[in-house]
Structure formats: C-alpha cells, structure tokens
> 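First, the structure itself, so that you have it in front of you.
Numbering of residues begins at 1 and proceeds along the displayed sequence.
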Amino acid sequence: MVLIAALYFLVVAFLLGYSLTSWKSAFKDGSEAVIMGVGIGLSSIPLLGVILNVVGMPIHWALILLLSLLLPIYRLARGRVRLSIGKFKLDKYLIILLVIFAALFVMMEKGSFRYPWFEDTDPYSHAASASFISMTHSFSKPADMFVTHYSEPYPQGMPILMGVLHQLEPSVNKTLKFFNAFIISLSILFFYYLSRRLTHSRNLSLLGAFFLASIPSFQSHFIFAQNYALTMFFPALYSLLRIRDDKRWAIPAVISVSSVLLTQQLSSVVLAFFIGGILLFMLIEAFRKKSFNEFLIVAGASIIAAILVFAIFYVPVIHRFGMKALSSQYTLGQDPLHKSFFNFADSSSVRFLTLTDFVHPCMGSKLLGGCPAGYPNKTDNPTGFGWVLFLLFVVGLFYALSRLKDIFIHPEKNTALAVSLVWFFLTFIGVIGDRLPFKILPNRWWAFMSIPVVILAAYGLVYLVKLFRQFKVSPSIVITVVLLGVLLTSFKPKYIVNNSLWMPHVYDGQTEIMSFLKGGKLDGYLWLLTLPKNTPVFDFCMGDDIIFASDGVSFPWDPEVPLHRYRVSREKELWDNRVYANMSNTSRSDMMSEEPGRFSSWLKGKGFKYITINARCARYFGGNKTVERIRMLSSSGFFRVAHQAQGFVAMRVV
C-alpha cells in the first residue's frame, strides 16, 4: 500500500504544481517543469488542507485528488491540454542529480526502517496527529481537548500531509518513516533548481546538490515537521526569484511561503531571514540603478499576501485557544529550559561550539568516531561538515569576501555569493546561540546553515580548479580527489549516523516514551505492531501516542476515554490531558479498582479490543497494586492475556 500512497503523492503534487504554473512560458526545461512542479504542488498541500478545514470540507485523499484534477480536466474538455513543460532531455546533469537523489533516499529509507520503533518523542506525537486527521478528516478540536502536542494549535502542515497519506497506507508507522525519508531526498532535487536560479550555473548547482546530500548537518531521518518545512524552502525561494521572469510566479510564491508558515515556527523565522537576504541585495541593486524595480514591489506584496493567507489558520486558532495557550504550545509551557520563544533551547546542557564541531562530524559512540566535545550527537539534527567540505567552504567564503566590492557594485551578477554570505551569517548566529543572550533551538539551525555552506563550498571547488590549473593540474584530477574526499569525510559519517541503531528517547514527560522501555521492555509495544492495523487499544498509563505509533488506535478526542483513564471528575475542563499529567497518584487510583465486568462493558462500548498495562502503572500505583489488578482482570473471565513481556502485559477484551 505504501507504493500506492507514493504514486498518489507524486501524481497529486505534480498536478497541483501544474495547475499553479501552467502558463506557456513558465518553464523551458522539461525536467525542471516536472521536478519543480512536484515541489510547488507539495508546497501547496498544507494550505489546501487548511482551506478545506476552514470551509468545513473533509481533508480526504479523494477530494484532494479531485481538486488537483480540476484544471487539467477543464483544459482537456476545452481541447487545450498543454503541459507547457518545454523539451525534456535526460542529459548527464539530470542523470547525476537523480543518482544523488536515489542514493540519499536509499540511505534515509534504510536507516528509518532499521528498527520498528520511533526514536525520541516527536514521531510518536506526529503519529497521533496524523491518525487524528486520517480518521476524523479534520484537524479542528475543542480548545480543552488535548490529542497530542502536534495537534491544533500547533501548525498543521505535516499532520495534514501525513494524515492524507495514512488514509491510503494503513500503517502510520510506515507512512511516517517512508515519506519522511522521501521528502528529505526530494529536497536535493528542489535545491538544485533553486541553485541554478541563483548561480546561473549547472556545474555549481550540481556540486551544491552533491554537497548538500553529503553534508552530515543537513537533515537526518528523524521524523519531525522541520524536514517538511525545510524541503518547502526551495520551491518557495525558487518561486520568489522567478517573479523577475514573470509576475504570475507570485501565486506559487505566496502559496509556498504560507505553507512553510503553516508547518513549523522555527522554519518560518529562518525563511523570513532567507527571503530578507534576497530582497536586501535586490534593494541594493535598485538603489544602484536608481529605480525601485517591479520585482521588489511584487515580491514584497507576495510576502504580505503569504502572511495574510497564513492568518486563515491562526486567527481562528487564537480566537478559540487564546494567546496564552498558543504561547504555552510554542514554549512547551515556559518551563525553565524553554523560557520564551527567544530563549528556547533544545537541550538541557549548554554547548559552546568550537572549530572542531564544524570540521568533524560527530558520530556518537567512540566506536564510530566519537564526538569531539564529548557531547552526544542529536538524532534531530547531526552536526559537522566533514573536513574536506569544511576546507572547500572556507575557500569559498574567502573567495566571496574577496569579491565584496564587486558584489555591492554589481549585485545582480553576484546574487548567489551575496545571499549566501547573508544566509551564512544569520544561520551561524543561530547555531552559536548558546554563546549569546538569546537563542532559538541552536541545534536545529545546523540544517539551515548547511544551505549557504554548500553553495559557498561549490564556489570554493571551482576556485581551486582554476588555481591548480595554473600549476597544470588537470581539473578532472582535482574534482575527483575532492569528491572522493567528501564521500569519505562527509557522506560516510552521515551514512553511519543515519543507519545506526537509534533507541527510544529516555524521557519522563508528556509524550511518555519512558526509560523502562529500554533493555527489552520495549518488546511489549512492538508486539502491538503484529496486530491488524488500527486495532483499538486502551492503554492504562502511557497515554495514546505510543498506541498510534504502534499502528493501533485510541480515541483521545472522545472525552470518555481520557476521563476513564484518569477517573477524577466529569468536568469538561479535565478533558485536557495536560491537566492529568500534574495530578497526584491518589487522584488516579480509581482506575485500578473498577469492577472488571463494568470495565469490559465500557471498553466494548467504545470499540476497544485490547488493553495494555505497563511498568509505568507500578510507579503510579505501586507494584503490588498493579500486579493485583492484572491478576483480577485476567482471572475475571472478561479479559484474556494475549502477550507478556518485561514490564508489559496486553489483554484481549473477551
């Protein structure tokens, strides 16, 4: 089924992209039309899902497919079908680009499926939010209902996409793993065509694409919204640049930019910096020519329009949830670690980066190469460039700085160098946030910083080729040696990190992937993966995220379910699970003493087929009470033990 979902993904993305760029002169290159059509279509899905939800229509795969077919069918009916994609040529550049894409996808997909569980906490919440949309065909919920951290009021771009694809692929586990890897790999294709618009060079763009696929600091197969948002950067910036060719590109630019805003907050901030870097040098160009050109007017209007479109989601969210709830969502409750959006860390430990952190890709264990600062690498965003790529970047950086005067005199001829310098400066400030009085998730900025780094590294290699040519060294020798060096010092570490065994996060908090799951105790929840997909399972003490991530189903949007788990009150405000997380142990104890027959009857009425009890219950209620409850249920005749593992028991509702 995942292949059917993948075919649907490509067809719908291309048709949506075609519908937004179908004027005759949109593309001259057939491969660019197809690939960037997919990119622009992929970037329109978050906004399309939000609009459907706002007008009360279902977020359903069939409706989205129908909408993507409207314009092609209309043109077919009028006998005016024309793809307008230009001449399609499978030249060496495209072949190499597709090989790079395939290699990255194989690496990411293989690493994702190396183990059946999810790593850390974010993917578990994304599994629940995607399942919510898949089942309800909407992301709207009452303000007092808590489904998962990544449900509303969090931006819904990724849940919309994954929820629609989950409607075609029954396993949400497989959906998230496969399409996350696929989207990451597609970003290399989109980057190539953005780079061509910046550099006006196919050679520089292909080198940049290879470097971006190889650099360890650009994305891992960790499943979170940033991967999708960052992939949409390239169609958004590409469309914005193409406004210079045709004002009609403002439409896909508005849609792509707004979709990034609808997917992740940090990516929205960084995209604003990236757009600002482009507009800054366009403004310098306008002052140099003493004319405020049309591009700046249309591009500026497009950004304003994107913000207004973005408000389609946020105005209703603020109205229903309030600014306090929104602030709490974005700062994780304003705990000591996440004090505010502008003092927001992604680690409890402060990390003062050194030069070694940039040169050496941190690969975790000593066996794999260790971490130079004694700081374990992160699954969400590994660090480091690799020393060959780092040297190329340094050469490219000095080359760009040496041309500063020419950049300011002729910014239109040096757009790539100009914006890369600005992008690098801004993202570098983000990466070293722990050294500054303000920071926003410093570790997450590595992926964004990788973009200007690889562009400058490509310029660095071209400069080295020219330099060695003076000593009569063949360019092919220089390029071959450098590319092999990048493969060994960048791509190889990236492969090792992404194909290592990532364990579930040891975390005692809201998403509830607990330390007791390690050391074989995870086997119980892995057993759930053997059940028929979307089997309803009621979990006593872990909550619902892990049930969804194990391809089961729970119903946190039904107030009876969370209230039954935490039998304290039937008051509506207690629907919010964040309240339950702070309750005392005694307030939970009623759940462990309910008469088995009555409990079984309630479960059947809600459609649950299984219940799970785990070691977390022992911590809440005590080991003796938990064991007593298991014995009571298993001997009652209303339940039958289906599976047991260390710290875990699953029972079938008879």
Side-chain angles (χ1 to χ4, degrees), residues 9-52 64 67-72 74-75 82-86 157 160-161 183 186-187 189-198 228-263 267-268 271-272 274-275 278-279 282 294-313 419:
F9 172 91
L10 290 172
V11 168
V12 165
F14 174 74
L15 289 174
L16 289 172
Y18 164 72
S19 297
L20 293 170
T21 60
S22 59
W23 61 90
K24 186 176 180 180
S25 60
F27 298 100
K28 295 180 181 178
D29 182 341
S31 60
E32 184 174 6
V34 172
I35 291 173
M36 292 314 298
V38 170
I40 292 166
L42 177 62
S43 300
S44 68
I45 291 175
L47 178 58
L48 178 58
V50 167
I51 292 173
L52 289 175
I64 292 175
L67 292 174
S68 72
L69 285 166
L70 285 180
L71 184 60
Y74 170 76
R75 293 196 164 185
R82 179 181 300 206
L83 289 179
S84 302
I85 62 174
I160 287 169
L161 176 64
I183 288 169
L186 284 172
S187 67
L189 304 181
F190 306 150
F191 166 82
Y192 170 78
Y193 287 103
L194 168 64
S195 181
R196 275 181 57 176
R197 293 289 162 180
L198 284 170
Y228 185 22
L230 183 48
T231 296
M232 290 189 289
F233 264 46
F234 306 120
L237 295 171
Y238 173 92
S239 299
L240 198 65
L241 285 172
R242 295 224 54 192
I243 293 174
R244 302 185 78 174
D245 304 326
D246 193 314
K247 289 182 291 185
R248 286 173 287 188
W249 277 99
I251 296 173
V254 169
I255 292 172
S256 299
V257 170
S258 63
S259 285
V260 175
L261 304 182
L262 293 168
T263 301
S267 297
S268 304
L271 180 62
F274 274 50
I275 292 173
I278 292 175
L279 296 182
M282 296 302 176
E294 192 176 35
F295 167 78
L296 283 170
I297 298 173
V298 177
S302 299
I303 303 307
I304 295 172
I307 295 172
L308 293 175
V309 171
F310 164 70
I312 294 174
F313 172 77
V419 300

> Suppose we screen for side chain to side chain contact (heavy atoms under 4.5 Å, CB included). Which residues come up paired with Asp245, at least two apart in sequence or across chains?
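So Asp245 forms a side chain to side chain contact (heavy atoms under 4.5 Å, CB included) with Arg197, Arg242.
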> Between Phe27 and Tyr238, what is the ring plane arrangement, given parallel below 30°, perpendicular above 60°, and tilted in between?
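Correct class here is parallel.
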> Using ring pair (Phe, Tyr, Trp, His ring centres under 6.0 Å) as the criterion, list what pairs up with Phe233, not counting sequence neighbours.
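Applying ring pair (Phe, Tyr, Trp, His ring centres under 6.0 Å) to Phe233 gives Phe274, Phe448.
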> Please identify each residue that fulfils ring pair (Phe, Tyr, Trp, His ring centres under 6.0 Å) with Phe295, with sequence neighbours left out.
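Phe295 satisfies ring pair (Phe, Tyr, Trp, His ring centres under 6.0 Å) with no other residue.
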> So, taking the atom named CE in Met36 and the one named CZ in Phe234, what distance separates them when rounded to the nearest 0.5 Å?
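CZ of Phe234 is found 9.5 Å from CE of Met36.
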> Using modelled atom types only, decide if a donor and an acceptor are shared between the side chain of Ser259 and the backbone of Ser43 within a distance under 3.5 Å.
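Yes; judged by distance alone, with no hydrogens or angles, the pair exists.
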> Given side chains that start at C-beta, do those of Pro235 and Leu42 come closer than 4.5 Å, heavy atoms only?
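Result no, sub-4.5 Å side-chain heavy-atom pair not found.
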> How many angstroms lie between CD1 in Ile45 and CG in Leu262, if you round to the nearest 0.5 Å?
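CG of Leu262 is found 13.0 Å from CD1 of Ile45.
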> Just by modelled atom types, is the Ile255 backbone N or O under 3.5 Å from a matching donor or acceptor in the Ser258 side chain?
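Answer holds: yes.
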> For Tyr193, what residues pass the ring pair (Phe, Tyr, Trp, His ring centres under 6.0 Å) criterion, not counting sequence neighbours?
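Once residues adjacent in sequence are excluded, Tyr193 has no partner under the ring pair (Phe, Tyr, Trp, His ring centres under 6.0 Å) criterion.
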> Roughly how far, to the nearest 0.5 Å, is the OG1 atom of Thr263 from the CG atom of Leu230?
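Result: 11.5 Å between the selected atoms.
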> Within the 4.5 Å heavy-atom criterion, are Met232 and Ser267 side-chain neighbours or not?
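Sidechains of Ser267 and Met232: no contact.
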> Looking at side-chain heavy atoms only, is the closest gap between Leu240 and Val257 below 4.5 Å?
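The answer is no, as the side chains (C-beta and beyond) never meet within the 4.5 Å cut-off.
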> Can you measure from CG (Leu20) to CH2 (Trp249) and round to the nearest 0.5 angstrom?
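Between Leu20 CG and Trp249 CH2, I get 9.5 Å after rounding to 0.5 Å.
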> Is any side-chain heavy atom of Ser268 closer than 4.5 Å to a side-chain heavy atom of Phe310?
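Ser268 does not reach Phe310 side chain to side chain.
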> Would you check, one step at a time, whether the test side-chain contact (heavy atoms from CB on, under 4.5 Å) holds for Leu198 with Leu237?
CA-CA 10 Å; Leu198 284 170; Leu237 295 171; over 6 Å; no
> Under the ring pair (Phe, Tyr, Trp, His ring centres under 6.0 Å) rule, collect the residues that match up with Phe9, sequence neighbours excluded.
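Counting only residues at least two positions away or on another chain, Phe9 forms a ring pair (Phe, Tyr, Trp, His ring centres under 6.0 Å) with Phe179, Phe182.
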> With sequence neighbours left out, write down each residue that passes side-chain hydrogen bond (donor to acceptor under 3.5 Å, both in side chains) with Ser195, or none if nothing qualifies.
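side-chain hydrogen bond (donor to acceptor under 3.5 Å, both in side chains) list for Ser195, sorted by chain: Ser205.
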> I need the minimum non-hydrogen distance between Ser19 and Ser22, along with the two atoms involved.
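Smallest interatomic distance, heavy atoms only, reads O-OG, 3.9 Å.
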> Less than 4.5 Å apart, any side-chain heavy atom of Val38 and any of Leu189?
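The answer is no; the side chains never approach within 4.5 Å.
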> Does any non-hydrogen side-chain atom of Ile35 lie less than 4.5 Å from one of Leu186?
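The answer is no; the side chains never approach within 4.5 Å.
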> Might you point out which heavy atoms bring Pro46 and Ile160 nearest each other, and give the distance in Å?
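Heavy atoms only, the tightest pair is O-CD1, 3.6 Å.
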> Any non-hydrogen side-chain atom of Pro72 less than 4.5 Å from a side-chain atom of Leu15?
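Heavy-atom side-chain distance check passes, below 4.5 Å.
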> Before you tell me yes or no, could you show the steps for Leu16 and Ile40 under side-chain contact (heavy atoms from CB on, under 4.5 Å), namely the whole-Å CA-CA distance, both residues' side-chain angles and the distance that decides it to 0.1 Å?
CA-CA 8 Å; Leu16 289 172; Ile40 292 166; over 6 Å; no
> Are any of the side-chain heavy atoms of Ile64 and Leu52 separated by less than 4.5 Å?
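Yes; the side chains approach each other to less than 4.5 Å.
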> Measuring from atom OG of Ser68 to atom CZ of Phe14, what distance do you get when rounded to the nearest 0.5 angstrom?
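Result: 11.0 Å between the selected atoms.
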> Nearest 0.5 angstrom please: Glu32 CD to Tyr192 OH, how far?
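These two atoms lie 8.5 Å from each other.
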